[in-house]
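The structure appears right after this line, and notes come after that.
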Protein chains: 2
Amino acid sequence: MGNEPLLRFRLDRHSGLPVYRQLVDQVRQALRLGILHPGDQLPSVRDVVEQVAINPNTVHRAYRELEHQGLVEGQAGRGTFVRRSLPGLTKQHDALQRRLTAWLASAHAAGLDDEAIEAMVARAKESAEREERS
Amino acid sequence: MGNEPLLRFRLDRHSGLPVYRQLVDQVRQALRLGILHPGDQLPSVRDVVEQVAINPNTVHRAYRELEHQGLVEGQAGRGTFVRRSLPGLTKQHDALQRRLTAWLASAHAAGLDDEAIEAMVARAKESAEREERS
DNA sequence: CCAACTGTACTAAACATATAGTACAATAGG
DNA sequence: CCTATTGTACTATATGTTTAGTACAGTTGG
């Protein structure tokens, strides 16, 4: 059946991050953001292969890693399903999400590119760390 | 001489990013943030080795990559020096930096951990992309 | 039962990354 | 000139990542 997948993977070939790691991260993010819930089915190994043009072994490695973390469970013949969720973002955090999105829009409007924004985020995190040590 | 280095590298062993890539990124960030300027000297290969306990070859690879990008120049017997800068953050962007730092503080106060914050940033970026395509 | 789907297992090879160890050449300071 | 510093070059090795290819076993729907 032409069932729409809950999750679409996107690879960044320039990020330097291993592919299997990008897949793991994106599933964890989907759990955080409430896109995936316990019982939901992940895209099949072969679907992912078609979608992002990588080797089945790499997808399997990512799913195996997620299984090892207790987040999903693979069932031969059926698919891979979410087992538990992660401390997620509730409606209480909607305001935060909106503020951040607004900030990003301002940054783009100011002509900052992705790397410049990354630099700002990194600096902000450092400031936060310094704050915590006092 | 006990000269303080302009730049201190910090490695994240769990990030999945190759070490040499982390070094490259941090130098580029320092250029963006105005921490490094043309003519400035990078920490010597052997200094970095002592600081973060990695192999000299790895440091050299990072510096070679930066040289290939035209950002620095290695001079045998003297050191490695910044050649040009990158489109940086001027005082016009101070307001943006402050807003972001404030946002991060709010997020921490709301009990969000690093991964949850990463998820929020990722979602915000996706929203921004969707916006651009209209 | 059969066909089509699922996850899983395995070997082999290629490539990327990081290490260890040694050595050499250029520069600066005494 | 001598010495300590710098970047650079090279081989070899280990580990991690990805690919190719083949095969098998469980599940579902007709």
Side-chain angles (χ1 to χ4, degrees), chain A residues 1-7 9 11-27 39-83, chain B residues 1-7 9 11-27 39-83:
Chain A
M1 303 279 273
N3 238 340
E4 287 235 357
L6 288 170
L7 191 57
F9 291 108
L11 295 187
D12 181 355
R13 293 291 185 172
H14 300 291
S15 71
L17 265 184
V19 174
Y20 85 94
R21 182 66 182 269
Q22 294 186 40
L23 300 183
V24 170
D25 290 351
Q26 284 173 40
V27 170
D40 285 344
Q41 180 170 9
L42 265 57
S44 81
V45 171
R46 290 164 177 86
D47 277 350
V48 179
V49 165
E50 271 204 22
Q51 199 184 109
V52 291
I54 58 178
N55 194 281
N57 296 326
T58 304
V59 184
H60 185 238
R61 167 157 190 191
Y63 282 9
R64 206 174 41 193
E65 168 72 19
L66 287 163
E67 189 158 21
H68 185 261
Q69 294 177 6
L71 297 177
V72 307
E73 183 185 13
Q75 297 179 20
R78 297 197 58 229
T80 305
F81 299 87
V82 176
R83 214 174 192 355
Chain B
M1 302 278 277
N3 238 340
E4 287 234 358
L6 287 170
L7 190 58
F9 291 108
L11 296 187
D12 181 354
R13 294 291 184 171
H14 301 290
S15 70
L17 266 183
V19 174
Y20 84 93
R21 181 67 182 269
Q22 294 187 41
L23 300 183
V24 170
D25 290 350
Q26 284 173 40
V27 170
D40 286 343
Q41 180 171 8
L42 266 56
S44 82
V45 171
R46 289 164 178 85
D47 277 351
V48 179
V49 166
E50 272 204 21
Q51 199 183 111
V52 291
I54 57 178
N55 194 282
N57 297 327
T58 304
V59 184
H60 185 238
R61 167 157 190 193
Y63 282 8
R64 205 173 42 194
E65 168 72 20
L66 287 164
E67 190 158 19
H68 185 260
Q69 294 177 5
L71 297 177
V72 307
E73 184 184 12
Q75 296 179 21
R78 296 196 59 227
T80 304
F81 299 87
V82 176
R83 214 175 193 354

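Quick note on labels: first sequence line is chain A, next is B, and so on, each numbered from 1.
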When the distance from CZ of A:Arg61 to P of D:dG16 is rounded to whole Å, what number comes out? 9 Å

Toward the 5' end of DNA chain D, which comes first, B:Gly16 or B:Leu42, by nearest nucleotide? B:Leu42

Considering just the side-chain nitrogens and oxygens of A:Thr58, establish if one lies under 4.0 Å of OP1 or OP2 belonging to D:dT19. yes

Identify the heavy atoms of A:Arg78 and A:Gln41 that sit nearest to each other, and give their distance. O-NE2, 3.3 Å

Distance in Å, B:Arg21 CZ paired with A:His14 NE2, rounded so as to fall on 0.5 Å steps: 9.5 Å

Distance-minimising heavy-atom pair for B:Ser15 and B:Gln22: OG-NE2, 3.2 Å

Determine: side-chain N/O of A:Arg78 to OP1/OP2 of D:dT28, distance under 4.0 Å, yes or no. yes

Residues touching DNA chain D, which here means a heavy atom under 4.0 Å, drawn from residues 48-55 of chain B: none

Where do A:Ala62 and A:Leu23 come nearest, in terms of heavy atoms and distance? CB-CB, 3.7 Å

First-last contacting nucleotides on DNA chain C - partner chain A, under 4.0 angstrom, heavy atom: C:dT6 to C:dC10

Residue whose nearest DNA chain D nucleotide is more 5′ - B:Asn57 or B:Val45: B:Val45

Gap between atoms CG and P, on B:Leu66 and D:dT8 respectively (whole Å): 11 Å

Between D:dT6 (C1') and B:Tyr63 (OH): distance, integer Å: 12 Å

What's A:Arg64 touching, base or sugar-phosphate or nothing? Going by heavy atoms closer than 4.0 Å. nothing

Starting at CG of A:Leu66, measure out to OG1 of A:Thr80 and round the result to the nearest 0.5 Å. 9.0 Å

Need one value for A:Glu67: base, sugar-phosphate or nothing, where a base atom within 4.0 Å counts as base even if backbone is also close, heavy atoms only. sugar-phosphate

A:Val52 and A:Phe9: which non-hydrogen atoms are nearest, and at how many Å? CG1-O, 3.6 Å

A:Gln75 (side chain) donor-acceptor with A:Phe81 (main chain) under 3.5 angstrom: no

Round to the nearest Å and state the distance from B:His60 atom NE2 to D:dC10 atom P. 11 Å

Starting at CZ of B:Arg13 and ending at P of D:dG16, how long is that distance when rounded to a whole Å? 13 Å

In whole Å, what is the span from the CD atom of A:Gln41 to the C1' atom of D:dT28? 12 Å

What heavy-atom pair brings A:Ile54 and A:Val49 nearest, and what distance separates the two atoms? O-CG1, 3.4 Å

Return yes if a side-chain donor-acceptor contact under 3.5 Å exists between A:Gln69 and A:Glu65, otherwise no. yes

